[in-house]
Colleague: 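Next up is a structure, given as structure tokens.
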Amino acid sequence: MDEFFDVVIVGTGAAGLYCALNLPERMTVLILTKQKADESDSFLAQGGICMLRGEEDYALYMEDTLRAGHYENDRGAVDLMIRSSNSVIRDLVRRGVRFARHGDGSLDFTREGAHSRPRILYHEDVTGREITQTLLEEVLRRDNLLLRENTAMLDFISDDAVCGGVVAAGPDGVPYTVGAGAVVLACGGIGGLYRNSTNFPHITGDALAMAMRHKVAVEHLDYIQIHPTTLYSKKPGRRFLISESARGEGALLYDKNGQRFTDELQPRDLLSQAIYRQMERDGTDFVWEDLRPLGRETLKVHFPNICHHCQDEGFDVLHEPIPVVPAQHYFMGGIKVDLSSRTAMPGLYACGEISCNGVHGRNRLASNSLLESLVFAQRAADDILFGETPAFGGKAPDLAPYREQEPLFAAYRQEVRNAIERMRKSHE
Ligand code: SIN
């Protein structure tokens, strides 16, 4: 083994960073990310993060989540997420996250599709960036957390019974092995595999493929969320989101004749289908979204990022509707995990979009993703520390068994090197 850490975390989105920050400072943690640390989909999240607004909101919040998910959700997971939302939000505020507030200092809540009432906290239209940047800055200040950018996980190391680390490669492409008592996969979804997606192109579900190769259980691989409203563009690359909270605040959708054709606040999957049907009827590649009902003040204060981006693309949202089209946005399936984010392989955890704990069912409710990532990242950290079968009982890990497996890891290294060599040759 080339290196040893107590824990390896793959991914620098909200889940990976929050898991790292919830581990004690006596633990050594290596955090890997395939590109730059701020190039995760969490940074792109616009709308916000849900919070339970008192006991009287519990049944409604539960029902909204279940209805959006077609009642295929794991109710225990939803309950855990909702019940944990207040403490997670309090912790974010303590760490310095700035949510929008009224003049008297109380929190301002916005609304999105399929929510029966406003329960979403936001920071302008860049809530993901506000949360993830705050967590990233704290990670960079912590001595026990080593962050390595431009470093891809090529495989995780296992004898198909337990996970003992990862094989990684930095910019030079030379693979090396990292032993660890626990490995946390927090590397996002699969949007990079789609031509039209709101995700970064490098988020390609690598960990999912590795899990399948190691026969670690995965599920609901066909549960893909299509976001109803992204800015129509003929340019290649990532699609720009027109946040659902814009519709929550009053934006309307029009067909080619400028007529409304559907309920703008139905769950995402149903609205995407309605838009596709309308495009087919009209013979168009997009429908129109009108943000003018929000008014100049709300657009400037709540949605400055959307206003600027549309301006750069030649649309003035204060004076005209903009063309929008559905695009891939989120993956509800993934590596199967329990409520402590444990995969089927001891020592291997998954949280965030690559994991499937059943919280979202068949279709995720808007603004449940950041909350779910944070809650279940914390659960992973708790289990690494306090779990009944902790990877190393909360003490410094005994790495002797992994060292004994050195010949196995050497074989992995060789296998990966051979694969890279074959790939290089096929590109020559
Ligand atoms: C949005 O702002 O529409 C996306 C937020 C989310 O995916 O929940």
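Values below: all heavy atoms of this structure, side chains included; hydrogens, waters and symmetry mates excluded. Bear in mind the structure is a predicted one, so any value in this text is a computation, not a measurement. When a ligand or atom number is given, it counts from 1 through the structure's own listing order.
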Colleague: Run the contact test for A366 against ligand 1 with a 4.0 Å cut-off on heavy atoms, strictly below, and give the result.
Modeller: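 Checking ligand 1 against A366, which is what was asked, there is a heavy-atom contact under 4.0 Å.
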
Colleague: Checking side chain to side chain donor-acceptor pair (under 3.5 Å) for the pair T33/T12: CA distance, chi angles, key distance, verdict?
Modeller: CA-CA 6 Å; T33 184; T12 52; 3.3 Å; yes

Colleague: Does some non-hydrogen atom of S367 fall short of 4.0 Å from ligand 1?
Modeller: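 Per 4.0 Å heavy-atom rule, S367 contacts ligand 1.
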
Colleague: Does E112 come within less than 4.0 Å of R268, counting only side-chain N to carboxylate O?
Modeller: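 R268 and E112: salt-bridged.
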
Colleague: For the ring pair Y223 and H360, is the centre-to-centre distance below 6.0 Å?
Modeller: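 Ring centres of H360 and Y223 not closer than 6.0 Å.
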
Colleague: Quick check: R268 and ligand 1, any N/O pair under 3.5 Å apart?
Modeller: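 Indeed, backbone or side chain, R268 has an N or O that close.
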
Colleague: Counting from 1, what ligand 1 atoms have a heavy atom of Q46 closer than 4.0 Å?
Modeller: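 Listed by number with element, the hits are 2 (O).
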
Colleague: Can you spot which of R364, R362, R67 makes a salt bridge (Lys or Arg N to Asp or Glu O under 4.0 Å) with E72?
Modeller: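 That would be R362; it is the only one of R364, R362, R67 passing the salt bridge (Lys or Arg N to Asp or Glu O under 4.0 Å) with E72.
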
Colleague: Would you say Q225 touches ligand 1, if touching means a heavy atom closer than 4.0 Å?
Modeller: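 Flag not set, Q225 not near ligand 1.
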
Colleague: Which residue and atom name correspond to the protein heavy atom nearest atom 2 (O) of ligand 1, and how close is it?
Modeller: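 Ranked first by proximity to atom 2 (O) of ligand 1 is S243 OG, 2.7 Å.
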
Colleague: Could you check whether K235 pairs with E313 (Lys NZ or Arg NE/NH1/NH2 to Asp/Glu carboxylate O, under 4.0 Å)?
Modeller: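 Answer for the salt bridge query: yes.
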
Colleague: Just so I know, are the side chains of Y61 and L365 near enough to count as touching, which here means a heavy-atom distance under 4.5 Å?
Modeller: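 In contact.
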
Colleague: When you compare ligand 1 with H227, is there at least one nitrogen or oxygen pair between them that comes in under 3.5 angstrom?
Modeller: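 Yes - when backbone and side-chain N and O of H227 are compared with those of ligand 1, one distance drops under 3.5 Å.
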
Colleague: Which of the numbered atoms in ligand 1 are below 4.0 angstrom from a heavy atom of H329?
Modeller: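 Those atoms are 4 (C), 6 (C), 7 (O).
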
Colleague: Output the list of atoms in ligand 1 that are nearer than 4.0 Å to some heavy atom of G47, sorted by atom number.
Modeller: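 Close to G47: 1 (C), 2 (O).
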
Colleague: At their closest point, which heavy atom of D74 faces which heavy atom of N357, and how far apart are they?
Modeller: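 So the two residues come closest at CB-O, 3.7 Å.
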
Colleague: Quick one: is the NZ or CZ of R83 closer than 6.0 Å to the six-membered ring centre of Y58, and within 45° of its axis?
Modeller: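 R83 over Y58 ring: yes.
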
Colleague: Which atoms from ligand 1 have a heavy atom of R364 less than 4.0 Å away?
Modeller: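 It comes down to these atoms of ligand 1: 6 (C), 7 (O), 8 (O).
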
Colleague: Within ligand 1, which atoms have a heavy atom of E244 less than 4.0 Å away?
Modeller: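 Contacts of ligand 1 toward E244, numbered from 1: 1 (C), 2 (O), 3 (O).
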
Colleague: What do we get for L241 next to ligand 1 when only non-hydrogen atoms under 4.0 Å count, side chain, backbone, both or neither?
Modeller: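 Answer for L241: side chain.
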
